[in-house]
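In what follows, a structure is listed as structure tokens, so that the remarks can point back to it.
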Amino acid sequence: MTDPALDARQIAEAVAAVRAHTDLVPRLALVLGSGLGALADEVEDAVTLSTADVPHYPVSTVEGHAGRLVLGPLAGTPVLVIQGRIHGYEGHDARALGFPVRLAKALGARGLVLTNAAGGINPAFGPGTLMLITDHLNLSFQNPLAGPVGEGEVRFPDLSNPYDETWRVEARNIAITQKIPYREGVYVWTSGPSYETPAEIRFFARAGADAVGMSTVPEALQAAALGLPVLGISTITNPAAGLDPAPLDHADVLDVGRQVRDRLAAWVRGIVAETSP
Ligand code: HPA
């Protein structure tokens with residue numbers, strides 16, 4: 001993607017494809033990570049589209065099946081749920097990773113909730129921990145904003161508040177009220193698909209990271225360029241490499257995600273119902 005006019009036209013065509021199914025204007029967009037997709041089932045009167053039916057939506061090349069967009073009210077708030085996110089390790093260039101966020105903004109979203117599965121680097125964050133993301137480290141050295149400035153984007157976005165502080169305070173209060181245990185920490189983005197080495201994890205720990213994963217940061221960067229507030233929640237699914245004798249296995253990641261999804265869903269429902277960036 002090198003031509004901003006073409007980019008804007010592609011987003012307009014994608015918006016038109018969604019609008020052919022629903023005129024719902026989402027207040028919030030939610031991106032659901034590995035094993036965390038069940039929340040989409042709670043959207044009421046849901047209008048569901050395959051991303052394969054949305055022109056220019058990047059196609060998942062590895063998993064071989066498209067993602068879904070689910071639109072409708074969740075806990076009284078109109079939302080767009082993006083289920084089956086795209087990752088850099090599937091072969092997409094960095095710019096493509098921002099496409100879902102550009103689409104969400106063009107559909108009217110005013111805030112973005114990002115969830116993911118992550119490895120725990122902080123030894124106090126065991127499997128099943130929910131971690132409110134306070135900040136990130138971009139150690140993939142990729143950026144979806146590289147290239148011409150897209151429509152409505154800032155050339156040099158400020159990242160001093162990448163995970164909106166005011167929104168985080170509200171999320172914290174909801175967790176406390178609902179008695180949902182949570183931690184807070186810094187997320188580091190690695191491009192994957194291989195998991196990290198123990199030496200990399202020691203390096204990330206010294207750099208101040210609490211959790212590691214292969215997503216979320218590109219979407220947060222795209223949102224920053226569009227002025228869209230972001231809230232991020234990691235589900236810690238495994239101790240990061242070298243912190244536990246067991247080898248890392250994607251099946252365990254999905255399994256832990258499923259175990260904590262009710263708690264995560266309750267928290268996200270509360271956030272969707274009660275907060276408004
Ligand atoms: N590393 C990177 N990504 C992950 C991990 C991990 O340990 N667990 C879940 N996603």
Side-chain angles (χ1 to χ4, degrees), residues 30-39 60-63 67 82-92 94 97 100 113-144 162-163 182-221 230-261 263-265 267-268:
L30 283 67
V31 180
L32 304 182
S34 308
L36 312 172
L39 201 60
S60 170
T61 50
V62 169
E63 290 168 22
I82 299 170
Q83 205 184 12
R85 66 153 45 99
I86 49 169
H87 299 86
Y89 60 72
E90 293 168 55
H92 300 294
L97 303 180
V113 178
L114 301 173
T115 68
N116 62 48
I121 296 177
N122 186 324
F125 295 5
T129 302
L130 297 179
M131 185 188 91
L132 190 59
I133 301 175
T134 55
D135 204 342
H136 74 225
L137 291 167
N138 180 359
L139 293 188
S140 82
F141 305 107
Q142 299 171 49
N143 197 308
Y163 302 88
Y182 73 97
R183 310 299 286 256
E184 298 189 35
V186 174
Y187 175 91
V188 55
W189 177 32
T190 57
S191 41
S194 44
Y195 287 118
E196 302 71 33
T197 64
E200 286 166 344
I201 294 302
R202 287 194 298 275
F203 168 62
F204 298 164
R206 287 188 192 131
D210 296 292
V212 56
M214 305 174 193
S215 69
T216 300
V217 170
E219 293 132 358
L221 294 173
V230 173
L231 194 71
I233 301 174
S234 292
T235 295
I236 307 296
T237 52
N238 55 281
L243 299 182
D244 188 271
L248 299 192
D249 185 340
H250 186 57
D252 296 338
V253 169
L254 296 180
D255 214 36
V256 174
R258 274 191 287 269
Q259 286 167 30
V260 296
R261 71 179 177 198
R263 250 188 295 149
L264 176 69
W267 196 9
V268 172

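Just so you know, ligand 1 is whichever comes first in the structure, and atom 1 is the first atom listed for that ligand.
- For the pair Gly119 and ligand 1, the shortest N or O to N or O distance falls below 3.5 Å.
- Per-residue contacts place Thr237 under 4.0 angstrom from the following atoms of ligand 1 (heavy atoms of the residue considered): 8 (N), 9 (C).
- When each atom of ligand 1 is checked for a heavy atom of Met214 under 4.0 Å away, the hits are 2 (C), 3 (N).
- The structure places CZ of Arg261 at 11.5 Å from OG1 of Thr235, a figure rounded to the nearest 0.5 Å.
- Counting heavy atoms under 4.0 Å from ligand 1, residue Ala118 touches it through the backbone alone.
- Residue contacts with ligand 1 for Leu248 involve side-chain atoms from C-beta outward but no N, CA, C or O (heavy atoms, distance under 4.0 Å).
- The nearest protein atom to atom 3 (N) of ligand 1, hydrogens excluded, is given as Gly213 CA, 3.4 Å; this is a heavy-atom distance.
- Across Val31, Ile133, Thr237, a single residue satisfies side chain to side chain contact (heavy atoms under 4.5 Å, CB included) together with Asn116, and that is Ile133.
- The two residues Ala240 and Ile121 come nearest to each other via the heavy atoms CB-CG1, 4.0 Å.
- Looking only at side-chain heavy atoms (C-beta outward), Asp210 and Tyr187 stay at 4.5 Å or farther from each other.
- Both the backbone and the side chain of Val212 come within contact range of ligand 1, each with a heavy atom under 4.0 Å.
- Put simply, the side chain of Tyr195 reaches to within 4.5 Å of the side chain of Met214, judged on heavy atoms.
- A heavy-atom distance below 4.5 Å is not found between the side chains of Trp189 and Thr216.
- The protein atom (non-hydrogen) at minimum distance from atom 10 (N) of ligand 1 is Ala117 O, 3.4 Å.
- With hydrogens left out, the protein atom closest to atom 8 (N) of ligand 1 is Asn238 OD1, 2.7 Å, a heavy atom.
- Residues Leu97 and His87 approach most closely at CD2-C, 3.6 Å, considering heavy atoms.
- In this structure, atom 1 (N) of ligand 1 lies nearest to the protein heavy atom Glu196 OE1, 2.8 Å.
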